[in-house]
Protein chains: 2
Amino acid sequence: MAPTSTDELFCSTLRARGQRVTPQRLAIAAVLRDLHHHATAEELHGLVSARVPGISLPTVYSTLELLEDLGAVRRVVNDGGTALFDARTDEHHHAICRRCGLVVDIEATPDQSQLLDAARTAGFAPDDAQVVVRGVCAACRTVREAETAAA
Amino acid sequence: MAPTSTDELFCSTLRARGQRVTPQRLAIAAVLRDLHHHATAEELHGLVSARVPGISLPTVYSTLELLEDLGAVRRVVNDGGTALFDARTDEHHHAICRRCGLVVDIEATPDQSQLLDAARTAGFAPDDAQVVVRGVCAACRTVREAETAAA
DNA sequence: GTTTTTGCAAATGATTTGCATGGAT
DNA sequence: ATCCATGCAAATCATTTGCAAAAAC
């Protein structure tokens, strides 16, 4: 993969912050950029390992924290307490299944300004507003129906 | 504390489900009802211990799961992965500080029907939509300014 | 050459599980 | 008498931390 202009930006941002440009950081950023979807730290570790053999999980975590600070990644915490890292930075939200933990994107545009204003009223300097819809996914509903029928 | 009509409802719901009415369950339900605010499992355990000495943390967890199933409690997962259990069932949302984990209520009324419809389109049977605003709380902002000034 | 980052191994901390006892029906 | 719920202790699992070696500046 050839370096992209996004790489250039990433590198100069790192240098401006007095931080180092490393193959691990570039690889994680590249994987996220290609992924356009949320993934756990462990999933990302698997994907990045193909490019940087031997990369460690703690490095993945620390780089994700860095990218979150830079606003390149959003974090969604699912019900099991596992964090998902989302490379989609355009407005979208999430639905989480309370039975199996499935997380899917939902496209909706609530009035963000109203939500952010409410947070400011509470003394916050808001970064973003994420809607998390909790419910039961299609697959789990099928399972539950089967269980009910059997009982 | 005298039994309330809410207790009556809770008891009959449990019986209808073939489950037992226990002092632990009644105490946890009562504490949550009086609390009108979110709390961690551990905080609730502390509060309930005053009424039911010796109650165990696993019991608190399992009862919270039960109450969540009944729709009496909502779960909010903060950034550290710690779950907060919220007894407020009226519409309100949350702002979470990404520095210290503080969670505050925010009052705002996004178009819920639009959000829930979007989830249905994704195959979900939605329970509710929670907005989680991520940002930095007032206290942490003060700290950060102090750090920046010092640097 | 100096400072940051990495990888490893171990620690942490919330939550869950297995199992025997006690309690509700 | 039956079956569910509890308490205890141990297990689990994502994430974080301490530290020495390696890499970036």
Side-chain angles (χ1 to χ4, degrees), chain A residues 7 10-29 38-46 48-49 51-70 73 75-85 98-101 103 151, chain B residues 7 10-29 38-46 48-49 51-70 73 75-85 98-101 103 151:
Chain A
D7 275 322
F10 185 35
C11 292
S12 53
T13 304
L14 284 174
R15 295 212 173 86
R17 291 166 54 116
Q19 295 178 296
R20 310 271 152 98
V21 175
T22 67
Q24 289 89 338
R25 287 176 174 172
L26 290 174
I28 292 168
H38 46 247
T40 63
E42 203 135 10
E43 286 164 354
L44 291 168
H45 178 244
V48 177
S49 292
R51 297 168 187 229
V52 182
I55 189 172
S56 72
L57 202 41
T59 297
V60 173
Y61 276 106
S62 85
T63 303
L64 287 169
E65 192 183 340
L66 169 62
L67 290 168
E68 196 186 4
D69 247 36
L70 300 181
V73 171
R75 181 188 299 246
V76 187
V77 185
N78 87 12
D79 277 28
T82 311
L84 295 169
F85 297 89
R98 69 176 145 80
R99 287 176 65 90
C100 71
V103 179
Chain B
D7 276 322
F10 185 35
C11 292
S12 53
T13 304
L14 283 175
R15 296 214 173 84
R17 291 165 56 115
Q19 294 178 297
R20 308 273 152 98
V21 175
T22 66
Q24 290 89 338
R25 286 177 176 172
L26 290 174
I28 292 169
H38 46 247
T40 63
E42 204 135 5
E43 286 163 354
L44 291 168
H45 178 245
V48 177
S49 292
R51 298 169 186 231
V52 183
I55 188 173
S56 72
L57 202 41
T59 296
V60 173
Y61 275 107
S62 86
T63 302
L64 287 169
E65 192 183 339
L66 170 61
L67 290 168
E68 196 186 3
D69 247 36
L70 300 181
V73 172
R75 180 188 300 245
V76 188
V77 186
N78 87 12
D79 278 29
T82 312
L84 295 169
F85 298 89
R98 68 176 145 81
R99 287 177 64 91
C100 71
V103 179

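What's counted below: heavy atoms across the whole structure, side chains too, no hydrogens, waters or symmetry copies. Each chain gets a letter, A, B and so on, in the order its sequence line appears, and its residues count up from 1.
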Rounded to whole Å, CD of B/E68 lies from P of C/dT15 at a distance of 12 Å
Under a 3.5 Å distance rule, please check whether A/H45 uses its side chain to pair with a backbone N or O of A/T59 as donor and acceptor. no
Taking the nucleotide of DNA chain C with the closest heavy atom to each, which residue, B/V21 or B/A41, is nearer the 5' end? B/A41
Send over the distance from B/F10 CZ to C/dA24 C1', rounded to a whole Å. 14 Å
Tell me the interatomic distance from B/L26, atom CG, to C/dG23, atom C1', rounded to whole angstroms. 14 Å
Figure out the CZ/P separation between A/R17 and D/dC25, and round it to whole Å. 15 Å
Does CD in A/E65 sit with more than 12 non-hydrogen atoms of other residues, nucleotides or ligands closer than 6.0 Å? no
Side chain of B/R75, backbone of B/L64: donor and acceptor closer than 3.5 Å? no
Donor-acceptor under 3.5 Å (B/H38 side chain, B/V76 main chain): no
Closest nucleotide of DNA chain C for B/P23 versus for B/F85: which of these residues is on the 5' side? B/F85
B/I28 atom CD1 is separated from D/dA5 atom P, nearest whole Å, by 13 Å
A/V52 and A/P23: which non-hydrogen atoms are nearest, and at how many Å? CG2-O, 4.2 Å
Phosphate contact (D/dT16 OP1 or OP2) by A/Y61 side-chain N/O below 4.0 Å: no
Atom-pair distance (CG on A/L84; C1' on D/dA14), nearest Å: 12 Å
Residues B/A41 and B/V60: closest non-hydrogen pair is O-CG1, 3.8 Å
Report for the helix from C/dG1-D/dC25 to C/dT25-D/dA1: angle between first-end and last-end helix axes, five pairs each, rounded to 10 degrees. 40°
Step by step, would you call B/F10 with B/L67 a side-chain contact (heavy atoms from CB on, under 4.5 Å)? CA-CA 9 Å; B/F10 185 35; B/L67 290 168; 3.8 Å; yes
Round to the nearest Å and state the distance from A/E43 atom CD to D/dC13 atom C1'. 15 Å
Where along nucleotides 1-10 of chain C does protein come under 4.0 Å, by heavy atom, of base (B) or sugar-phosphate alone (S), with - for untouched nucleotides? --BSSSBBB-
B/R15 CZ to D/dC3 P: how many Å, rounded? 19 Å
Nearest heavy atoms of A/Q19 and A/R25, plus distance in Å: CB-NH1, 3.9 Å
Any idea which heavy atoms bring B/E43 and B/A39 closest together, and the distance? OE1-CA, 3.2 Å
